[in-house]
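All remarks here apply to the structure that follows.
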Number of protein chains: 2
Amino acid sequence: MSERLSQFDKALLGLRSLVLSGEFTGQRRLSEVAFAERLGISRTPLRQAMDRLVAEGLLERIETGGCRVATFTPDDIADAIELRGVVEGTAARMAAERGVAEPLLADAAEVLDRIDGALRASGGVDFDEYIQANAWFHDLLARFADSPILRREIERMSLLPLASPSAFLSEQSAIPDFQDSLTYAQRQHRAILDAITNREGARAEALTREHARLALSNFTYLTEQQPMLAKRVPGLALVASE
Amino acid sequence: MSERLSQFDKALLGLRSLVLSGEFTGQRRLSEVAFAERLGISRTPLRQAMDRLVAEGLLERIETGGCRVATFTPDDIADAIELRGVVEGTAARMAAERGVAEPLLADAAEVLDRIDGALRASGGVDFDEYIQANAWFHDLLARFADSPILRREIERMSLLPLASPSAFLSEQSAIPDFQDSLTYAQRQHRAILDAITNREGARAEALTREHARLALSNFTYLTEQQPMLAKRVPGLALVASE
DNA sequence: TCGGAAAAAATTGTATACAGAAAATCCTAA
DNA sequence: TTAGGATTTTCTGTATACAATTTTTTCCGA
């Protein structure tokens, strides 16, 4: 089961995790040689990985050469979350319009049951399970419409860690009534799946957008109440919007 | 004014234009050495350019190594056009909600006048002018909301040449009442700008989506009426959806 | 003539060398 | 002491060499 990793894969995984660790979140240029040595590979595949991370938006090019960790304002993150909701909403609408293959629907129902289980776990909510199952549901949503284009774009948007639905989940436990928020989110999941199953495109789209707006309001609350969140955001420099 | 191009820039521009020329639209693997020689550069920057084009979606990786020109079904293109409309619609809505800086609005008004001029040119519609001004308008739309995230995503979606609003414009002259279609599109432009100026977010979004749907229906008409279009699609293998 | 194995050729993935440019350091002069 | 400039150092961008695969060709046997 363990596929042999190419040097490029090593570079990509290693570099991404280093960037997300937050260690290099200053505005300094990232040294190719330093990272290549640290990851035990040559500069060539490391450079490829840097290019990739620039394309993902995690890094940004410097005019004079090289690149640095990207910085985002809370407004940027908010936009990314909302846009993700819009695109997922489109996926939901298309899925409803076109109909979804039975097996996928069955998978979705099962995943939603798993989320219910995580919410009702003895000893409080099982966060890890919730996060995983939630990510699974959103991935299924992206596959419902059977559109490679749509799927690709949604996947791309999930790459900005802060825009993905499960980002911050651990931070979010600081939110009052957070558990209620999760329960509410799950009710939205069921409503979305219901709308899609019933071929109600407009409703499926609206519900999915609304679902993203919940994540958005949680994020907004966090950044307003806890400005120091910036320090805990995994790896990306979060810059105060003036 | 002529900025010195890096080898990578040469590779990117050259390779993209070669791919779009359609010469390599078979399913064969693109040889790195061949292209490097043809463009007069070494394999390193060419390889970077290939990576970039893969990220853009113009090329796709081959499991055993290397990459080839990507293929799209008409359904894929249709999805891309629709999705572009959705994201542009979001930009329009956000612009209306947030308000747009005066200078940008003035630019937009001017561009729309240029389009009117292109439509009323003596000796028939000035297509080149229309295409250029139209692209300009859509670029302004992407900048209206003052959101780097949104702008980036819209730009990215314009990279798939077939999804961009002006793609096919020359082909589309084969459409009956095509000139009327352009006039209608321009009326939509004005309506969109009007909605944004009046801060009517929902209307701005709906109108922008509708605008994309016009392009979509033109594309659909073309592929249905002229299956041989595939041969004339610049550079991308268009595969019949079964 | 056809199928398949073996050898040959070509191609990719990776490492590394090198030149030119940017950045850091240090020295000098006000 | 500090500003400015020259020098040194470091770094990126690019070319190229090399090894491991993959693909093609060749050749033999059925």
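These numbers were taken from a predicted model, which means no experiment stands behind them.
- In this structure, B:Leu30 places its CG atom 13 Å from C1' of C:dT11, rounding to the nearest Å.
- Scored by the salt bridge (charged side-chain N to carboxylate O under 4.0 Å, His left out) test, B:Arg151 finds B:Asp139, B:Glu155 as partners (sequence neighbours excluded).
- Under the side-chain contact (heavy atoms from CB on, under 4.5 Å) criterion, B:Arg152 pairs with B:Arg156, not counting sequence neighbours.
- Applying the salt bridge (charged side-chain N to carboxylate O under 4.0 Å, His left out) test to B:Glu129 and every residue at least two apart in sequence or in another chain returns B:Arg114.
- Distance, A:Arg28 CZ to C:dA22 P: 17 Å, rounded to whole Å.
- No side-chain heavy atom of B:Glu60 sits under 4.5 Å from any side-chain heavy atom of B:Val54.
- Residue contacts for B:Leu46: at a heavy-atom cut-off of 4.0 Å it reaches no nucleic acid atom on any strand shown.
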Please tabulate the protein-to-nucleotide N/O contacts below 3.5 Å involving nucleotides 14-17 of chain D, giving atom names and distances.
residue: D:dT14; atom: OP1; partner: B:Gln7; partner atom: N; Å: 2.7
residue: D:dA15; atom: OP1; partner: B:Gln7; partner atom: NE2; Å: 3.1
residue: D:dA15; atom: OP2; partner: B:Ser42; partner atom: N; Å: 2.9
residue: D:dA15; atom: OP2; partner: B:Ser42; partner atom: OG; Å: 2.5
residue: D:dA15; atom: O5'; partner: B:Ser42; partner atom: OG; Å: 3.4
residue: D:dA15; atom: N7; partner: B:Thr44; partner atom: OG1; Å: 2.7
residue: D:dT16; atom: O4; partner: B:Thr44; partner atom: OG1; Å: 3.2

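- Contacts of A:Ala91 classified as side-chain contact (heavy atoms from CB on, under 4.5 Å), with partners at least two apart in sequence or in another chain: A:Leu150, A:Ile154.
- Taken residue by residue, residues 60-68 of chain B places heavy atoms nearer than 4.0 Å to DNA chain C at B:Gly65, B:Gly66.
- At whole-Å resolution of the value, CZ in A:Phe35 and C1' in D:dC11 are 14 Å apart.
- With sequence neighbours excluded, the residues forming a side-chain contact (heavy atoms from CB on, under 4.5 Å) with A:Glu82 are A:Leu216, B:Arg93, B:Met94, listed by chain and number.
- With sequence neighbours excluded, the residues that form a salt bridge (charged side-chain N to carboxylate O under 4.0 Å, His left out) with A:Arg84 are A:Glu88.
- Here B:Arg38 pairs with B:Glu23 under the salt bridge (charged side-chain N to carboxylate O under 4.0 Å, His left out) rule; sequence neighbours left out.
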